[in-house]
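Just the heavy atoms: all of them, side chains too, but no hydrogens, waters or symmetry mates, feed the values below. One-based numbering, in listed order, for ligands and for the atoms of each.
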Amino acid sequence: MSAQVSAKIGVVGTGKVGAALGVNLAKAGFSVLYLSRTPDSETVQDLCRRTGPSASAASLAEGPGQTDILFFAVVWRAAQETIAAMGDLTGKILLDASNPVIYVNGAETVGRLPSSAGEVIQSWAPGARVVKAFNTLNAKVIANPALSAGPVTIPIAGDDGAAKETARRLIEAIGFEAYDVGPLANSATLESMGKMLISVLLQDRPDAFDYCLRPRAK
Ligand SMILES: NC(=O)c1ccc[n+]([C@@H]2O[C@H](COP(=O)([O-])OP(=O)(O)OC[C@H]3O[C@@H](n4cnc5c(N)ncnc54)[C@H](OP(=O)(O)O)[C@@H]3O)[C@@H](O)[C@H]2O)c1
């Protein structure tokens with residue numbers, strides 16, 4: 001399969017991560033298609049205007065027909081119904097930013113998953129080419145990589161080499177470094193890294209961090 005990055009990139013979800021990715025992708029020259037429960041709402045139309053002239057929005061059912069690459073940036077409690085609403089995703093590259101966390105009054109309420117969120121999403125969309133990516137970085141830094149004190153690594157995991165190559169190109173196009181940590185089963189580790197970051201951010205400390213993996217000498 002070609003690793004070429006198509007010009008129109010889908011972003012599923014218009015919250016903190018979706019908006020950050022969309023705006024950043026548009027700045028890098030991609031046209032952005034937001035997939036939303038409410039594509040015609042004033043909020044989503046305003047996000048399209050903020051993203052740029054080539055941005056548009058579509059429903060969850062209609063969006064996948066317009067692009068081959070979809071960032072998945074939806075709250076975990078609605079992940080399954082959102083995947084179902086998008087229909088058959090066979091052949092689509094699905095870049096999954098999910099962290100399987102739900103907080104109620106500060107307490108985490110997600111029970112243990114049978115595997116990682118990345119693998120669970122793959123089971124809900126068996127024909128999709130799922131790549132775990134962007135779950136280890138705060139939305140504010142996704143929007144503005146310069147907020148970090150240096151280079152930021154986006155670790156990626158997946159079972160489709162060409163899909164991971166496309167992910168790498170997109171990651172580099174919007175100002176980050178990519179590091180392939182291996183198969184989709186390694187999503188569990190990336191989700192633990194995401195939870196560690198969330199835990200530190202929830203402590204409201206002045207010394208929050210971003211992940212940067214640096215190569216080591218042999
Ligand atoms: N926030 C971060 O810094 C961060 C960083 C890395 C990863 N993540 C992960 O990325 C995913 C998205 O996080 P987020 O912070 O962007 O979440 P968010 O701002 O709370 O919202 C994400 C989007 O989910 C969609 N959604 C679909 N069904 C929903 C429902 N029933 N209730 C509420 N929203 C619904 C909404 O888009 P529409 O209204 O357009 O449908 C909403 O804007 C999560 O899995 C999160 O753990 C977050």
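In the vicinity of Ala73, heavy-atom distances shorter than 4.0 Å reach the ligand 1 atoms 12 (C), 22 (C), 23 (C). With ligand atoms numbered from 1 in the order given, ligand 1 contributes 45 (O) to contacts under 4.0 Å with heavy atoms of Ser98. Interface of Ala97 with ligand 1, defined as ligand atoms under 4.0 Å from a residue heavy atom, comprises 7 (C), 8 (N), 9 (C), 10 (O). Interface atoms of ligand 1 facing Ala78, defined by a heavy-atom separation under 4.0 Å, are 27 (C), 28 (N), 29 (C), 30 (C), 31 (N). In the vicinity of Phe134, heavy-atom distances shorter than 4.0 Å reach the ligand 1 atoms 6 (C), 7 (C). The ligand atoms of ligand 1 that sit less than 4.0 angstrom from a heavy atom of Asn138 are 3 (O). Close approach of ligand 1 to Arg77 (heavy-atom distance below 4.0 Å) involves ligand atoms 32 (N), 33 (C).
For the side-chain contact (heavy atoms from CB on, under 4.5 Å) test with Glu191, the passing option among Asn135, Asn186, Val101 is Asn135; the others fail.
Inclusion of Val44 in the set of residues having an N or O under 3.5 Å from an N or O of ligand 1 is not warranted.
Phe72 is not listed as a side-chain neighbour of Val130, based on a closest heavy-atom distance of 4.5 Å or more. Leu170 is listed as a side-chain neighbour of Ile9, based on a closest heavy-atom distance under 4.5 Å.
If you check which protein heavy atom lies closest to atom 24 (O) of ligand 1, you get Val75 N, 3.4 Å.
Heavy atoms of Lys140 come nearer than 4.0 angstrom to ligand 1 in no pair at all.
Both Val12 and Trp76 are members of a single hydrophobic cluster when ILVMFWY side chains are connected at heavy-atom separations under 4.5 Å.
At a heavy-atom distance under 4.0 Å, no atom of Leu60 approaches ligand 1.
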